[in-house]
Amino acid sequence: MLPSLSEEGSPRSPSVGIRRARFHMQRALQKRVLEIIARHGMIRPGARVGLGVSGGADSVALLRIFAELRAQLGITIFVLHFHHQLRGAEADEDERFVKALAEELRVPSECGRADVAAEAKRNGWNLEDAARRLRYQFFASVTAAHSLDCVAVAHTANDQAETVLSHLLRGTGIAGLAGIYPVAGLIVRPLLELERAELREYLAALGQSWREDATNQDTSRTRARIRHELIPLLLRDFDGSAVTRLARLATHAREDEAFWRSLEDERFHSLATRDSSGAISLRIEDLLAPLPSLVSHNANSVSTSAVSPTTALRRRLVRRIYFELRGSREQLTSQHVDSVLDVATRSQSGSRIDLPGITVEKSLDRLYFTNASATAASARETGKARTTRDFAYTVSRPGDLNGVSIVVTELHRRFNLKMVDWPRVESDTVLGRGALDFDRVQWPLVLRSWQPGDSYRPRGSRRVRKLKRLLLESRVPRSLRAGWPVLASAGAVIWASGYPVAEEFAAGRMTQTGLVIGEEEL
């Protein structure tokens, strides 16, 4: 017989059964979170953990779970909320909601805010990218201020599935399929194997409300269309376990990615170089060369097709350089990587292509990767507005051994001309490659930008060399050649930045006073 209303609260009461079911569901979910934390080594006992809480269901569930587990984990928790200043009064209410919930659960909180739209416009970012960058900057600053060990964020298996699909649609390799990492530096993601529906069920069992962000429903954005249209279609018409399977695919991809990343790291650090301007370059021969271990194998066992390990590593190296310059691979597609390899193998020296935020230029036997902002600035300076990099400064004869210092504002660089007593010992005259004979030059000197036709005979060279040819042979990218500094005496070039002084003016055995030229960035 069914229990009557008067029996509510007895062991056989439906409400007791429901409460028990809810209790066991909550315990099971907490146990899974503990397992995820332990498996990935996310949080150690005694840690100070920040919790990124937006007010949405997933992050509210994160807060409630950690509030219940903090004693068991032996940790101290802090709520971190970031106000993006994009949704007016709704965002203000989100902030009030998070503060109130943190206070209710007796968890200290800290809120930050920034004008995301203004920062996006200023830096050329899209809104989503700008919001993420500024939010994580806030997390990093609070971590430093409060000595936090990590910050937990509420990405779920659904976020993982959306990320994998987004990368697939954009065109990706194994790195993109790896999706969101459980641990990424400061950030840990203890809910990454749980689905949103589970978390909402958990909150419902607690009677806990949350905030809904209306912008998440805007299907004009690709991510929102994947969430609200594509994934429901997959679940309904193809596979009810699609989210789980996509998340599992990301796990397998991360395992393979760990192997490839170790090879990628070795190749990048041994082959790529970064110059003073921040550009990264490497020899084309090194980019295309097969791994030594593969060369030693039987030729029949190693494919040279588009799916060979060598080709895969080439592609990864391009993506790694892009990441080093941009801090993210998100906008780089497989078509972009193909275009870089095409420039390396088929194009002539001087060819260049534009990737999202990066310019790639082929100069003789090297590829140069430069941030587009720096390239654009250089292009403006060397194109229609070339005169902004043209300069000429008169250098008067120094009155004492202190020498003279010239600030070239066009290059943001200081040049120091210092007088030194010159040694007579033969072994010391090797320094003459970098020093002029003070008494041989005709004052005043002129420190200026190089001009077409400039030539001189560098110390140690048997003939006069055109400066343009020297810059080409040194593989100086076209974008860096404009405004290259030279020092002239009575119209003759006696020194060029990065090269030996002119033979006719170099300090030698008979030199009494040397003139040493130094440079420093401002």
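These numbers come from the heavy atoms of this one structure, side chains and all, not from hydrogens, waters or symmetry mates.
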Results of side chain to side chain donor-acceptor pair (under 3.5 Å) for [X] - residues two or more places apart only:
{"X": "Glu103", "answer": "none"}
{"X": "Arg122", "answer": "Glu119"}
{"X": "Arg221", "answer": "none"}
{"X": "Thr345", "answer": "none"}

Quick one: which residue pairs count as a side-chain hydrogen bond (donor to acceptor under 3.5 Å, both in side chains) with a foot in residues 74-84, not counting sequence neighbours? His83-Asp92, His84-Arg135
Considering only residues two or more places apart or on different chains, which pairs with a residue in residues 190-200 satisfy side-chain hydrogen bond (donor to acceptor under 3.5 Å, both in side chains)? Arg32-Glu198, Arg39-Glu193, Asp58-Arg196, Asp58-Arg200, Asp159-Arg196, Glu162-Arg196, Glu195-Thr244
Test Thr273 against Arg366 for side-chain hydrogen bond (donor to acceptor under 3.5 Å, both in side chains), laying out the working first. CA-CA 11 Å; Thr273 60; Arg366 295 185 76 84; 3.2 Å; yes
Selection [range] - residue pairs positive for ring pair (Phe, Tyr, Trp, His ring centres under 6.0 Å), sequence neighbours left out:
{"range": "residues 88-144", "value": "Phe82-Phe138, Tyr136-Phe139"}
{"range": "residues 23-43", "value": "none"}
{"range": "residues 320-366", "value": "none"}

Would [X] and [Y] pass as an ion pair if we require N to O under 4.0 Å?
{"X": "Asp265", "Y": "Arg320", "value": "yes"}
{"X": "Arg316", "Y": "Glu257", "value": "yes"}
{"X": "Glu264", "Y": "Arg261", "value": "yes"}

Intermediate values then yes/no, side-chain hydrogen bond (donor to acceptor under 3.5 Å, both in side chains), Trp210 and Glu212: CA-CA 7 Å; Trp210 63 83; Glu212 289 287 357; 2.9 Å; yes
Measuring only between side-chain heavy atoms, which start at C-beta, is [X] closer than 4.5 Å to [Y]?
{"X": "Leu341", "Y": "Arg315", "result": "yes"}
{"X": "His155", "Y": "Thr163", "result": "no"}
{"X": "Asp149", "Y": "Ile43", "result": "no"}
{"X": "Leu177", "Y": "Asp256", "result": "no"}

Partners meeting side-chain contact (heavy atoms from CB on, under 4.5 Å) with Glu229 (sequence neighbours left out): Thr219, Arg225
Working to the nearest 0.5 Å, report the span between CG of Asp275 and OG1 of Thr370.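 One gets 7.5 Å once the value is rounded to the nearest 0.5 Å.
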Rounded to the nearest 0.5 Å, how far apart are CZ of Phe66 and CZ of Arg64? 14.5 Å
List the residues meeting salt bridge (charged side-chain N to carboxylate O under 4.0 Å, His left out) with Arg274, not counting sequence neighbours, and say none if there are none. Glu324
Residues forming a salt bridge (charged side-chain N to carboxylate O under 4.0 Å, His left out) with Arg245, sequence neighbours excluded: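 For Arg245, the residues satisfying salt bridge (charged side-chain N to carboxylate O under 4.0 Å, His left out) (neighbours in sequence not counted) are Asp239.
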